[in-house]
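Encoded as structure tokens, the structure appears first; notes follow it.
If you're wondering where the values come from, they're calculated on a predicted model, not measured in any experiment.
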Amino acid sequence: MPRDRVVIVGAGVAGLVSAFALAARGLEVTVLERRDAPGGKMRQIAIGPAQIDSGPTVFTMRWVFDELFDAAGWNLSDHVRLQPLEMLARHAWNEDSRLDLFADEERTVDAIGGFAGAAEADGYRAFCRDTKRIYEILEKPFLRAPQASMSGLISAGGLRGLMRLPQIKPFSSMWSALGQYFRDPRLQQLFGRYATYCGSSPYLAPATLMLVAHVERSGVWSIEGGMHALALALADGAKSFGATIRYGQEVSEVMIAGGRASGVRLANGEQIGADAVIVNADVAAVAGGLFGGVARRAAALTSSRARSLSAVTWSVVAKTNGFPLDLHNVFFSRDYHAEFDDIFRRDTLANEPTVYVCAQDRCGAEPNHGAEERLLVLVNAPANGDRHFYDAAEVEQCAQRTFQTLERCGLHIQSRPEATQITTPGDFNKMFPATGGALYGRSSHGWTASFQRPGARTKIPGLYLAGGSTHPGPGVPMAALSGRSAASSLLADLTSRGWSTPTAMRGGTSTR
Ligand SMILES: Cc1cc2nc3c(=O)[nH]c(=O)nc-3n(C[C@H](O)[C@H](O)[C@H](O)COP(=O)(O)OP(=O)(O)OC[C@H]3O[C@@H](n4cnc5c(N)ncnc54)[C@H](O)[C@@H]3O)c2cc1C
């Protein structure tokens with residue numbers, strides 16, 4: 001019996017999750033990826049023999065992947081080696097002011113008490129309680145739902161109607177809400193940074209996004225071989241269920257016949273027919289017409305002003321000294337408000353950036369004294385890579401400001417130019433066309449923003465969207481949830497039309 005054919009455009013985490021779930025159900029899946037490796041933003045950069053994770057580094061919500069593998073009759077741990085982290089991250093404001101956050105709440109309470117006093121430690125306890133509640137209210141009716149809808153949220157049992165709406169704090173900004181838990185501006189800054197996980201400013205994002213703090217407290221894992229190893233495991237899994245993944249294949253059009261998606265055309269002219277198509281490229285590329293004029297109707301164009309953050313990153317092999325790096329480290333600027341004003345209002349790189357450093361050899365091990373180690377250094381940036389050219393002088397100035405923040409906090413990095421690879425918003429825009437280099441879809445500014453991300457189904461039957469720019473939002477596990485939603489919506493639609501032939505494989509009956 002012929003199997004339903006699905007084409008997936010893009011081997012980002014969402015595309016891979018869709019491919020894994022659908023191939024496990026017996027569909028004929030072809031993934032077309034323009035680059036030469038899976039993972040999309042979960043990429044690695046080679047510097048000599050060193051492989052540096054140069055996209056996401058903080059892995060949370062492993063249950064999303066546990067469920068995916070379980071549904072296919074597999075065990076995630078057999079395919080990806082995960083290690084839970086005791087320390088979530090190390091934070092620094094200067095050489096004398098440092099604070100570590102731990103997975104264990106009481107350990108963090110003690111750390112905050114020692115750092116900022118008993119009242120702030122009490123504030124942290126209240127913060128943990130409230131962020132847990134926000135997460136619990138939203139997990140089922142929002143995160144797991146295929147589409148965001150306020151009415152769905154209100155009618156869901158979890159929200160118990162409008163009564164519980166204020167508890168998710170949609171109408172106050174994250175920054176002002178944080179002021180109700182913490183008087184110490186350093187703690188406001190530390191927890192406000194979670195807005196940037198969704199590419200947003202803590203001054204403009206709703207306090208609902210504080211749930212990210214709960215997600216991180218619920219567990220951060222390191223992955224042996226780096227985050228890219230997860231992409232490889234998903235790709236291998238999909239292939240072992242029969243999916244085909246073709247690299248170096250740029251899709252230039254989603255073909256439509258009889259009002260529904262009928263396949264894709266590649267940039268080289270080749271046509272591939274399909275019963276359904278999932279696009280894992282950024283929604284902005286679909287809305288911008290990069291997949292043809294008809295497919296453009298699948299997503300509404302959002303203003304470039306609504307774009308989320310981009311970044312400037314340095315993937316580097318270097319010697320460090322002066323600061324006891326952990327795996328995840330954050331070095332804060334002295335004026336957080338000015339930093340976000342520079343990026344979102346003035347559309348420029350921050351005059352003094354907050355800097356994230358992922359010291360990838362520091363997972364439970366100290367590198368040999370004086371030896372070089374692998375680092376990813378990241379600062380947030382405006383998503384203007386399609387309208388602003390980052391010349392060498394501007395990149396050099398950004399480097400100076402970035403490394404000055406690190407020096408001020410005591411971290412000295414000695415790197416060699418040939419052992420450093422820089423990525424600017426312009427480079428990200430080339431990798432993810434039509435985005436300006438925005439890495440998290442649209443920003444989550446204002447309480448309605450989260451409802452404006454498109455869901456899996458589109459106006460065009462047979463055409464689905466998946467990825468960090470769709471519902472429920474950015475981040476590896478969230479994009480994975482969108483990939484799962486695209487797969488389950490597609491399966492439900494094929495089945496309801498009565499011409500689907502999904503086959504349960506190895507106990508795999510559900511994509512939830
Ligand atoms: C520097 C950085 C740091 C981050 N840090 C974290 C973190 O610590 N934790 C976290 O959870 N998340 C983090 N994120 C966000 C996270 O990486 C993303 O939200 C997630 O990986 C997005 O996945 P996606 O499914 O949207 O696909 P993407 O990664 O966007 O991949 C889409 C794929 O589609 C392909 N494609 C596009 N157009 C075409 C076409 N026409 N033809 C063929 N192929 C095409 C692209 O080449 C790409 O491979 C970070 C992102 C970046 C860049």
Side-chain angles (χ1 to χ4, degrees), residues 10 12-18 40-42 55-56 58-65 131 134-150 152-153 168-170 173-174 192-202 204-216 218 278-287 299-300 302 306-311 380 383 432 435 438-458 464-486 488-489:
V13 64
L16 292 170
V17 163
S18 298
K41 294 182 178 78
M42 294 166 83
V58 181
F59 181 59
T60 56
M61 293 169 74
R62 68 167 281 180
W63 60 262
V64 174
F65 295 91
T131 51
I134 296 174
Y135 178 85
E136 285 171 354
I137 291 173
L138 290 177
E139 186 191 310
K140 199 155 177 270
F142 186 82
L143 296 183
R144 286 180 181 269
Q147 185 99 34
S149 96
M150 186 50 115
L153 207 53
I168 63 169
K169 303 182 191 294
S173 81
M174 191 163 170
R193 186 174 162 273
Y194 286 119
T196 66
Y197 283 34
C198 301
S200 303
S201 157
L204 300 170
T208 316
L209 286 196
M210 296 190 308
L211 68 80
V212 179
H214 172 75
V215 164
E216 198 169 275
S218 305
I278 297 176
V279 175
N280 177 214
D282 197 284
V283 168
V286 180
T302 43
R307 284 175 179 165
S308 60
L309 290 166
S310 186
N380 292 315
F432 308 105
T435 63
L439 299 172
Y440 314 88
R442 60 167 299 142
S443 65
S444 299
H445 293 163
W447 73 273
T448 57
S450 296
F451 297 97
Q452 286 164 18
R453 292 175 184 273
R457 289 190 175 92
T458 70
Y464 302 83
L465 302 175
S469 59
T470 71
H471 173 77
V476 168
M478 303 277 269
L481 281 173
S482 79
R484 227 169 64 170
S485 280
S488 51
S489 302

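Residues passing the side-chain hydrogen bond (donor to acceptor under 3.5 Å, both in side chains) test with Arg457, sequence neighbours excluded: Asp493. In this structure, the salt bridge (Lys or Arg N to Asp or Glu O under 4.0 Å) partners of Arg62, at least two apart in sequence or on a different chain, are Asp66. Residues passing the side-chain hydrogen bond (donor to acceptor under 3.5 Å, both in side chains) test with Arg453: none are found, sequence neighbours excluded. Every residue two or more places apart in sequence or in another chain that forms a side-chain contact (heavy atoms from CB on, under 4.5 Å) with Pro170 is listed here: Leu165, Ile168, Thr208, Trp447. Tyr440 meets the ring-ring contact (aromatic ring centres under 6.0 Å, His included) test with no other residue; sequence neighbours excluded.
A pairwise comparison of heavy atoms in Asp282 and Ala438 identifies OD2-O, 4.5 Å as the closest pair. Across all non-hydrogen atoms, the minimal contact from Ala205 to Ser200 is CB-CB, 4.2 Å. Here the closest non-hydrogen pair linking Ser444 and Pro206 is O-CD, 3.1 Å. Across all non-hydrogen atoms, the minimal contact from Pro477 to Val64 is O-CG1, 3.9 Å. Looking at every heavy atom in both residues, Ala383 comes nearest to Ser310 through CA-CB, 3.8 Å. Across Ala195 and Ser201, no two heavy atoms sit closer than the pair CB-C, 3.9 Å.
Ser489 places no side-chain N or O within 3.5 Å of a backbone atom of Ala486 that could act as its donor or acceptor partner. A donor-acceptor contact shorter than 3.5 Å links the side chain of Ser488 to the backbone of Arg484. Remark: the backbone N or O of Gly483 is paired with a side-chain donor or acceptor of Ser18 at under 3.5 angstrom. Ser482 places a side-chain N or O within donor-acceptor distance of the main-chain N or O of Gly467, the cut-off being under 3.5 Å.
Interatomic distance, CG of Asn280 versus CG of Leu16, reported as 7.5 Å (0.5 Å rounding).
Between Phe142 and Phe451, the ring-plane angle classifies as perpendicular under the 30° and 60° cut-offs.
Every pair tested for side chain to side chain donor-acceptor pair (under 3.5 Å) that includes a residue from residues 471-480 fails, sequence neighbours excluded, so the list is empty.
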